[in-house]
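Presented below is the structure to which this report refers.
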Amino acid sequence: MTTVDTTAKTGGIQYWHKIVVLLCLGWTVMWIYRPVLTAIFPEVQQTIGPQSNTELGLIASCYFFAYTAMQIPAGMLVDKFGKKAVVIPGFLLFTIAALIIGNAHSIMMIYVGSLLAGLGCGSYYGSAWSLSAENIPSEHRGFASAIINTGSALGMGISLLATSFLVKSWGMPWEYMLYIIAALLLCLVAGFAIIIKEQPKLKQAVQNDATNNQTTTSPIKSDQKHSFFSIEMIASYIMYFATCYGYYMIVSWLPNFLETERGFTGGSIGSASSLVAFAAIPGALIISKISDKFRSKRLLFIIVLELIAAGTLFITVQSATITFLLAGLIFYGLFGKLTVEPILISHVAETAPKTNYGTSFGVFNFFGMSSSVIAPPLTGYLADLTGTKITGFYVAIVILIVATLIFMLINSKKKANNQ
């Protein structure tokens, strides 16, 4: 049977290097889409009519609800049929969804498009991190994961800058942003088809069955099933939920918060909002590189980074001047979700069942992304109720601190039991 050689070179580039670049581009395009509508709500409402904060928040919730619901099924499909067989149809559906939203004339049509986009994007997480875990050498995993994850920051920054300058400052129709995204998605699908190489799942299953018949593996399989919900994995789920909650609250509402409550206008909205994304790139790369050298200290890295992130969010909403507000956003980018996520993913890759990475990461991302379904409409509801979006920031801060304490206590107890 033919297997994939991750160290094979073509033109001096190893296969796993290609995977890192491809997955980074995948996150980039996904994150050009994710904040695109929230950054141009006023322009969108000129087409679909005025909507409340709660109704606008539901746009993101439709996407994230479908995205979250797809995580476990998509992970299982990846383990059964392979990455290409899942991610390519998913991104073709994502392309159709972008075109639907670009031609929308009602909030309901945007809701439908957002649901389809979420279903399409839901195919990506399990495929991406399965490819990463299977092909990237463990000694490079943290840094490579950070490079892949910088696609999220890069895409978010591009989206916020493009919407601010092209749409708000230069008057480009907002619909064109969705058409551009659809074209980029088609290019990405071609990249998936050409670059990704994997063993046929049927042959792989036969080989696994043959191996299982030669050894007694029932206890191992049982342990792997239970390890999806081991106390250590549950701690990671809780931590990822809180990490994602704060981040998606910011993605959904920061541009609007800066415009309506801090007086930012035009291109300055995108410039300020993109600070979170662009600051995350050096933060993630540097800190993940250090964490690879001190792999035994990964839990400490996670805990410290999460507490710093909570502190920077507090500085952002409490700032009396623009300087402190911008400083809070920069430091959140340096130490927040996009920086801690590669380390947390590396931690999960070492504790999850090795033969079911697709399902493992699907379960992990399901719990994390469930927060993204809650954060946008809850923040919008609290804003309608209290008259300010600052309340939503406080809720995110409290959730992050509580989850970090739970994560620390569970892992400290686990470590003590192992000694």
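If you run side-chain contact (heavy atoms from CB on, under 4.5 Å) between F407 and each of I238, V402, L299, only L299 comes through.
Using a 4.5 Å heavy-atom threshold, the side chains of L92 and L186 count as touching. Annotation: side chain of V87 is not in contact with side chain of V78 (no heavy-atom distance under 4.5 Å). When side chains are defined from C-beta on, K337 does not count as touching Y245, because their heavy atoms never get closer than 4.5 Å. Residues T47 and E175 have side chains in contact (heavy-atom distance under 4.5 Å, counting atoms from C-beta outward). For the pair E259 and K168, the minimum side-chain heavy-atom distance is below 4.5 Å. Under the 4.5 Å side-chain criterion, counting only non-hydrogen atoms from C-beta, T339 is not in contact with L334. Taking 4.5 Å as the limit, some side-chain heavy atom of T404 sits within range of a side-chain heavy atom of M239. No side-chain heavy atom of I374 sits under 4.5 Å from any side-chain heavy atom of Y248.
Taking all atoms of both residues into account, the shortest heavy-atom contact from L326 to L275 is CD2-CD1, 3.7 Å. When all heavy atoms of L178 and A98 are compared, the pair lying nearest together is CB-O, 3.4 Å. Pairing each heavy atom of M109 with each of A104, the nearest pair is SD-CA, 3.4 Å. In terms of heavy atoms, K83 sits closest to S130 at CE-CB, 3.7 Å. Across all non-hydrogen atoms, the minimal contact from C121 to Y67 is O-CE1, 3.3 Å. A pairwise comparison of heavy atoms in A284 and L338 identifies CB-O, 3.6 Å as the closest pair.
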* Asked: Given I110 and V44, is the side chain to side chain contact (heavy atoms under 4.5 Å, CB included) satisfied, shown in steps?
  -> CA-CA 10 Å; I110 292 181; V44 174; 3.8 Å; yes
* Between I72 and M76, is a side chain to side chain contact (heavy atoms under 4.5 Å, CB included) present by the stated rule, with each step listed? -> CA-CA 6 Å; I72 296 176; M76 296 172 70; 4.0 Å; yes
* Start with the C-alpha distance between L58 and S61, add both sets of side-chain angles, then the distance that settles side chain to side chain contact (heavy atoms under 4.5 Å, CB included), and finish with yes or no. => CA-CA 5 Å; L58 283 172; S61 284; 4.3 Å; yes
* Yes or no on side chain to side chain contact (heavy atoms under 4.5 Å, CB included) for V29 and L185, after CA distance, side-chain angles and deciding distance? -> CA-CA 7 Å; V29 176; L185 286 169; 3.5 Å; yes
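A distance of 4.5 Å separates CD of Q45 from CG of L56, quoted to the nearest 0.5 Å. Note that CD1 of I96 is 12.0 Å distant from CG of L119, once rounded to the nearest 0.5 Å. If you take CD1 on I406 and CD1 on I234, they are separated by 11.5 Å, rounding to the nearest 0.5 Å. Remark: L77 CG to S123 OG distance equals 10.0 Å, nearest 0.5 Å. In this structure, the separation between SG on C244 and CE on M369 is 6.0 Å, given to the nearest 0.5 Å. Note that CG of N103 and OH of Y179 are 3.5 Å apart. Values are rounded to the nearest 0.5 Å.
Note on ring orientation: taking the six-membered ring where Trp is involved, the planes of F364 and Y240 are parallel (angle under 30°, cut-offs 30° and 60°). Relative orientation of the Y63 and Y33 rings is tilted, given thresholds of 30° and 60° on the angle between their planes. F331 and F335 have parallel rings, their planes meeting at less than 30° on a 0 to 90° scale where 60° marks the start of perpendicular. Taking the six-membered ring where the residue is Trp, Y332 and Y247 present parallel rings, their angle staying beneath 30° rather than reaching 60°. Relative ring orientation between F192 and Y124 is described as tilted, the plane-to-plane angle lying within the 30° to 60° band.
Of the possible polar contacts, one joining the S288 side chain to the L285 backbone as a donor-acceptor pair under 3.5 Å is found. Proximity of a side-chain donor or acceptor of N365 to a complementary backbone N or O of F361 within less than 3.5 Å is not detected. Between the K84 side chain and the I196 main chain, a donor and an acceptor come within less than 3.5 Å of each other. Without hydrogens or angle criteria, S268 side chain to F264 main chain gives no donor-acceptor distance under 3.5 Å. The closest donor-acceptor contact from the side chain of S132 to the backbone of A128 lies at 3.5 Å or more, if one exists at all. Between the side chain of S319 and the main chain of T316, a donor-acceptor pair closer than 3.5 Å is present. Distance alone, capped at 3.5 Å, places no donor-acceptor pair between the W27 side chain and the T150 backbone. E261 contributes a side-chain N or O that, together with a main-chain N or O of K389, makes up a donor-acceptor pair within less than 3.5 Å.
In this structure, Y176 places its OH atom where only 12 or fewer heavy-atom neighbours from other residues, nucleotides or ligands lie under 6.0 Å away. Atom CZ of F41 has more than 12 neighbouring heavy atoms from other residues, nucleotides or ligands inside a 6.0 Å radius. Heavy-atom contacts from other residues, nucleotides or ligands closer than 6.0 Å to OH of Y394 number more than 12. In the displayed structure, M172 atom CE is contacted under 6.0 Å by more than 12 heavy atoms of other residues, nucleotides or ligands.
Side-chain contact, E55 with Y111: no donor N or O sits under 3.5 Å from an acceptor N or O. A donor-acceptor pair shorter than 3.5 Å cannot be found between the side chains of T243 and E341.
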Can I get a per-line list of side-chain donor-acceptor pairs under 3.5 Å for residues 151-162, giving both atom names and the distance, sequence neighbours left out?
from: S152; atom 1: OG; to: W31; atom 2: NE1; distance (Å): 3.4
from: S152; atom 1: OG; to: N149; atom 2: O; distance (Å): 3.4
from: S159; atom 1: OG; to: I32; atom 2: O; distance (Å): 2.8

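Aromatic pair F257/F393: ring centres closer than 6.0 Å.
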